[in-house]
Every structure is written in C-alpha cells, then in structure tokens.
Amino acid sequence: MRKYVVMGVQGSGKGTQATLLCREFDLVHISVGDIFRWHVQHHTKLGAQVRRTMAAGELVGDDQVEAVVRERLQQHDWNYGFVIDGFPRNGRQAEFFLESYDIDGVIHLDLPDEEVHRRVLNRRLCSRCGMDYNLIADRPEVEGKCDVCGGELVTRADDTPEALAARLREYHGKTKPVLDIFRRKEYVVSVDARPDPDTVQRDIRQKLGL
Ligand SMILES: [Zn+2]
C-alpha cells in the first residue's frame with residue numbers, strides 16, 4: 001500500500017505527475033478539484049453548495065473538503081494505494097489528514113514563481129472544443145487556431161498577471177504551513193518541477209525509493 005500527497009502550485013504539473021505515478025504503481029488518483037467539479041456538473045446537494053461558494057468568490061470550506069475526502073477514501077477502491085492532489089490546502093486540513101490516515105510521503109513539486117508566470121500566461125484554450133494549448137510546449141499548427149476544430153484560441157479569464165499574482169500569494173500563504181506540518185513528520189520530498197515531465201517523474205521515484 002502506497003499513500004501519497006502531491007503538492008505544487010498551478011502549472012507545476014501535479015496532475016501529470018500524479019497520473020504517471022498512478023499508472024506505474026496501480027494507484028488511484030484522487031483529485032479533490034475533479035470531485036467538486038463532478039458534484040457541480042451532476043447537480044448534487046454538495047455541488048449546489050460548492051457552486052454558491054465559488055459564485056461568491058470564496059474557497060470551499062474545510063468541512064466540505066474534509067467530508068469529500070473522507071467519503072472518497074471510504075470507497076476503498078484503492079487496493080494498492082492512492083495519490084491525492086488538491087488536498088490538504090491549509091494547516092487545519094493537514095492536521096485532519098494526519099489524524100485520519102497514515103501516509104507514506106508528500107511530493108512537493110517546486111516551481112519558482114517566475115516559471116509559473118511563464119507557463120500559466122502561455123496557456124490557451126480553444127473557445128469551441130475546450131482543447132488546451134501551451135505556446136511554449138504545445139503550440140497550435142496555425143497561430144491562434146485549434147488543431148482539432150479550427151476554433152479560436154483564447155486566454156482563460158483568470159489567467160491574467162494580476163490574478164495569477166494573487167493566486168500565488170494565496171498559495172504560498174496557505175501551503176507553507178501545510179509543508180511545515182508534513183516536514184516535521186519527515187514526509188516531504190521536494191522535486192524540481194522545471195525539467196520535462198519524464199525527468200521530474202524519475203526524480204520523484206528516486207526520492208521516494210520506488
Ligand atoms: Zn477546438
């Protein structure tokens with residue numbers, strides 16, 4: 001059984017690294033953001049609460065997040081373990097998690113803020129089919145047009161330098177206490193998230209002794 005938490009700022013490749021690790025070791029990828037999106041799309045009671053919270057520009061509360069994580073982990077479909085992403089987001093959630101589950105490691109994907117800016121501000125999205133592009137690594141064949149459907153590529157509304165700077169401040173403010181709690185238990189492996197995904201994955205496995 002292997003139980004990991006992956007932490008990193010947006011654009012650090014958390015989803016990609018979690019997916020690669022899960023595929024190799026038959027782990028279940030638990031993305032708290034995806035679970036919330038599922039509830040919103042399927043109009044559950046929780047989805048309605050989450051929608052209201054986000055419409056007010058607030059973060060989903062600790063109680064809701066903990067309930068979602070507890071419920072998801074109680075499904076016990078993770079015979080070989082899991083990689084959880086998007087949780088814990090603050091010190092209180094970290095304490096809850098440590099009280100409830102024994103974990104094997106916390107993967108911290110370390111990406112300097114200027115690299116986050118470069119990656120995030122180069123993201124584009126097809127306005128028609130939703131396909132993701134990245135002007136650094138994943139350029140469309142025709143500038144400004146989707147390779148799949150020819151739709152116009154746009155920037156996400158919240159991918160402005162100002163909005164990103166605010167998200168980074170929030171991230172650092174909340175994540176540092178979480179990392180400090182995990183570091184005291186010697187769970188954290190920090191990995192340089194700047195190289196290509198395969199290199200980052202090799203580094204993760206080596207540091208976790210896999
Ligand atoms: Zn498209």
Side-chain angles (χ1 to χ4, degrees), residues 6-24 26-44 46-60 65 68 72 82-87 89 107 109-171 191-202 204:
V6 63
M7 294 182 63
V9 69
Q10 75 171 135
S12 63
K14 257 184 327 200
T16 304
Q17 295 304 329
T19 302
L20 289 171
L21 199 61
C22 287
R23 200 185 294 155
E24 177 70 20
D26 226 344
L27 311 178
V28 174
H29 180 193
I30 297 175
S31 159
V32 174
D34 285 349
I35 296 173
F36 279 126
R37 273 188 286 279
W38 185 91
H39 280 280
V40 170
Q41 277 164 5
H42 290 81
H43 303 282
T44 66
L46 176 67
Q49 289 171 355
V50 170
R51 197 195 290 266
R52 272 199 302 277
T53 307
M54 293 197 296
E58 289 160 15
L59 278 176
V60 181
V65 176
V68 158
R72 180 63 189 81
F82 57 78
V83 178
I84 191 161
D85 138 18
F87 181 87
R89 286 189 314 206
I107 303 155
L109 295 172
D110 196 11
L111 196 66
D113 282 3
E114 60 270 20
E115 179 63 11
V116 178
H117 274 270
R118 198 175 78 91
R119 289 187 182 188
V120 170
L121 299 180
N122 277 294
R123 287 201 301 211
R124 296 294 182 273
L125 175 75
C126 174
S127 56
R128 202 183 290 164
C129 74
M131 178 96 161
D132 284 312
Y133 291 87
N134 183 308
L135 302 185
I136 308 165
D138 246 335
R139 294 188 75 88
E141 286 189 24
V142 179
E143 198 183 323
K145 298 275 180 223
C146 176
D147 292 346
V148 178
C149 75
E152 193 194 341
L153 300 188
V154 296
T155 307
R156 288 166 203 268
D158 58 351
D159 279 355
T160 63
E162 298 74 27
L164 179 57
R167 291 203 296 277
L168 280 169
R169 267 197 307 278
E170 157 121 23
Y171 171 82
V191 173
D192 182 357
R194 285 172 301 180
D196 65 276
D198 290 337
T199 305
V200 174
Q201 181 68 202
R202 263 199 307 277
I204 290 173

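Every value quoted in this text rests on a predicted model; they were computed, and no experiment measured them. When a ligand or atom number is given, it counts from 1 through the structure's own listing order.
Under the salt bridge (Lys or Arg N to Asp or Glu O under 4.0 Å) criterion, the residue pairs touching residues 124-139 are Asp132-Arg156, with sequence neighbours excluded.
Listed by chain and number, the residues in a side-chain contact (heavy atoms from CB on, under 4.5 Å) with Asp26 are Tyr80 (sequence neighbours excluded). Taking the ring pair (Phe, Tyr, Trp, His ring centres under 6.0 Å) definition, one finds that His43 meets it with nothing, sequence neighbours left out.
For the pair Glu115 and Arg118, the salt-bridge criterion is met [side-chain N within less than 4.0 Å of a carboxylate O].
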side-chain contact (heavy atoms from CB on, under 4.5 Å) between Val191 and Val200: does it pass, once the steps are laid out? CA-CA 7 Å; Val191 173; Val200 174; 3.9 Å; yes

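Within a 6.0 Å sphere centred on CZ of Arg123, heavy atoms belonging to other residues, nucleotides or ligands number more than 12.
Listing protein N, O or S atoms at distances below 2.8 Å from the Zn ion (ligand 1), with waters left out, gives Cys126 SG, Cys129 SG, Cys146 SG, Cys149 SG.
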